[in-house]
Amino acid sequence: MADFEVPELKETLEVPKYVEGTMAHSAPYIAKPQFQEPLGYPGELVENWQQVALDKMSDLKSRYRSFQVYLDACVKCGACTDKCHYYIGTADPKNMPVARQDLLRKVYRRYFTFAGKYFPKLVGAVDLTKEVLDDWYTYFHQCSQCRRCSVYCPYGIDTAEISMAAREIMDSVGIGQKYCNEIMGKVFIIGNNLGLPQRALEDTLEGLEEEVEEDTGVAVKFPLDQKGAEILLVTPSADFFAEPHVDGLIGYAKVFHEAGASWTMSSYASEAGNFGMFIGSYENMQKIALRIRKAAIDLGVKRIVFGECGHAWRVAYAFLNTLAGPFDFLDPRYPVPQHICEYTYDLIQQNKLKFDKSENDHMTLTFHDSCNVARATRMGDKPGGQFDIPRAVIKAACNNYVDMPVDTIGEATFCCGGGGGLLTDDLMEIRVKGALPRAQALKTVTDEGGVTHMAAICAICKSQFTKVLPYYGFSMDQIVSVHQLVSDAIILTGAPSEDDSDEDDKDNSDEE
Ligand code: SF4
Ligand code: SF4
């Protein structure tokens with residue numbers, strides 16, 4: 001099945017002894033000039049690339065205080081060394097978070113610190129050579145920017161930030177990653193990562209309406225570009241066609257239907273994902289985020305709700321206001337933005353949704369906390385809401401639920417192995433190996449708790465698990481969307497009129 005050795009699942013997760021260079025051969029395809037240039041980067045490696053790279057490093061150092069602090073503060077305590085799923089899965093020492101950081105830190109020291117300039121050998125500083133640049137390209141594309149290592153670092157050093165900075169430096173010299181940069185080009189031209197044009201989107205949504213009506217006898221709508229709707233749903237484009245994503249979209253539509261909500265999607269902002277974050281580009285991240293603002297203004301909505309997508313929720317929760325705010329034209333009684341799990345959870349709390357949980361009795365569920373949701377966002381108004389709310393939604397729709405071992409969920413969750421812009425076939429080996437800790441945890445609850453399915457609220461996690469779980473002896477349909485579970489169990493009763501429901505929403509807004 002694979003042209004590389006797939007790690008074996010054991011009784012418990014083992015941290016390997018390091019073996020130099022096991023993943024030195026792995027690097028993603030480089031973006032062609034036609035995908036580099038629209039993002040504002042040179043088409044190929046520029047002649048004076050060392051100087052351009054150092055200028056960019058200097059620029060990042062002055063723009064982001066955290067970048068310099070992270071490069072200065074490491075004391076080499078080693079607490080992060082065994083915390084990265086890519087190290088655990090590959091044994092390559094350059095996949096230890098501290099070693100990954102050091103690839104950049106050594107160059108930073110050489111050019112930006114007194115000791116590095118005059119006594120480079122004493123402080124491990126190195127010149128920026130082509131070999132160093134190649135190493136950056138290889139190993140900063142073996143980091144999913146999951147931030148697990150930062151949880152264990154006594155100084156809170158965030159390797160994800162360093163990895164984003166490294167990718168931005170590489171882009172600035174003309175060495176961008178094909179997968180991420182091509183996808184951003186599609187968003188700028190068409191509106192979404194998959195390059196689905198408006199007509200295809202309309203057809204898909206019409207097809208879903210027919211399918212749900214045939215299935216349930218209820219006319220659940222999937223509105224697109226509906227001016228004057230109250231809610232704009234921004235969701236990952238994977239939700240428009242692929243399983244299990246589309247089953248989640250059907251779930252959102254059923255929830256909106258039951259709430260009697262007036263809602264719409266936008267063909268202009270038909271993508272929740274924002275790969276600008278993966279390549280560390282504030283400018284490109286902002287360009288994508290501004291599409292959501294424009295769609296919200298053009299459609300005249302009062303609320304923005306995000307569908308199931310991990311990094312999209314991070315960009316939305318943590319950066320949307322800075323990138324594209326102020327959102328003072330939205331209804332201030334609701335969070336800006338809101339996650340679909342928060343939306344559904346609030347309705348559950350208000351007893352506005354009814355479920356027949358037995359519809360999901362053929363499954364025993366567990367939940368995969370997605371990295372960006374777990375370690376970079378929150379949901380609801382209580383600490384830990386990002387862990388509790390999705391679980392509460394699952395438990396409202398399912399009778400059988402078992403959590404994976406505590407050191408693999410919540411804040412300590414392990415990445416799916418495909419995040420951070422690595423969800424591409426040219427990185428399949430690192431994706432499979434990086435999924436080892438999650439697969440091991442899934443095996444534990446399969447063996448001990450009878451778990452049959454794993455739910456997630458991230459489009460990347462779902463796509464990644466669909467592809468990599470079979471390497472570990474699971475089947476691809478064992479990964480499900482949280483709102484797929486909602487969709488299967490929700491009892492459709494027909495909706496109140498929109499006017500009534502608007503009033504209901506306002507009456508209940510204080511509880512949200
Ligand atoms: S951010 Fe995640 S992928 Fe990157 S080094 Fe840390 S643990 Fe590994
Ligand atoms: S845990 Fe933090 S301080 Fe310790 S080696 Fe890792 S990055 Fe450096």
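When a residue number appears, it is its place in the shown sequence, counting from 1. Order of appearance sets the numbers: ligands from 1, and atoms from 1 within every ligand. No hydrogens, no waters, no symmetry mates; every other heavy atom, side chains included, goes into these values.
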Would you mind listing which atoms of ligand 2 come within a distance below 4.0 Å of any non-hydrogen atom of Cys77?
1 (S), 3 (S), 4 (Fe), 5 (S)
Which atoms of ligand 2 have any heavy atom of Gln101 under 4.0 Å away?
7 (S)
What's the shortest distance from [atom] to any protein heavy atom, and which residue and atom give it?
atom: atom 1 (S) of ligand 1; result: Arg147 N, 3.2 Å
atom: atom 3 (S) of ligand 2; result: Val75 N, 3.6 Å
atom: atom 6 (Fe) of ligand 2; result: Cys80 SG, 2.4 Å
atom: atom 2 (Fe) of ligand 2; result: Cys153 SG, 2.3 Å
atom: atom 8 (Fe) of ligand 2; result: Cys74 SG, 2.4 Å

Distance (rounded to the nearest 0.5 Å) between Glu5 CD and Glu429 CD:
10.0 Å
Between Tyr87 and ligand 1, which part of the residue brings a heavy atom under 4.0 Å of the ligand: side chain, backbone, both or neither?
neither
With distance as the sole test, does Ser481 use its side chain to make a donor-acceptor pair with the main-chain N or O of Asp247 at under 3.5 Å?
no
With no hydrogens and no angle check, is any side-chain donor or acceptor of Arg375 less than 3.5 Å from a backbone partner on Cys146?
yes
So between Cys146, Gly419, Ser150, Cys371, whose heavy atom ends up nearest atom 7 (S) of ligand 1?
Cys146
Options Cys143, Gly434, Pro97, Gly420, ranked by nearest heavy atom to atom 4 (Fe) of ligand 1, top entry
Cys143
Begin from the C-alpha positions of His339 and Tyr343 and carry the test ring-ring contact (aromatic ring centres under 6.0 Å, His included) through to its verdict.
CA-CA 6 Å; His339 195 281; Tyr343 183 85; over 10 Å; no
Thinking salt bridges, do Lys443 and Asp447 make one under a 4.0 Å N-O criterion?
yes
Indicate if the distance from atom 6 (Fe) of ligand 2 to the nearest N, O or S atom of Cys149 falls below 2.8 Å.
no
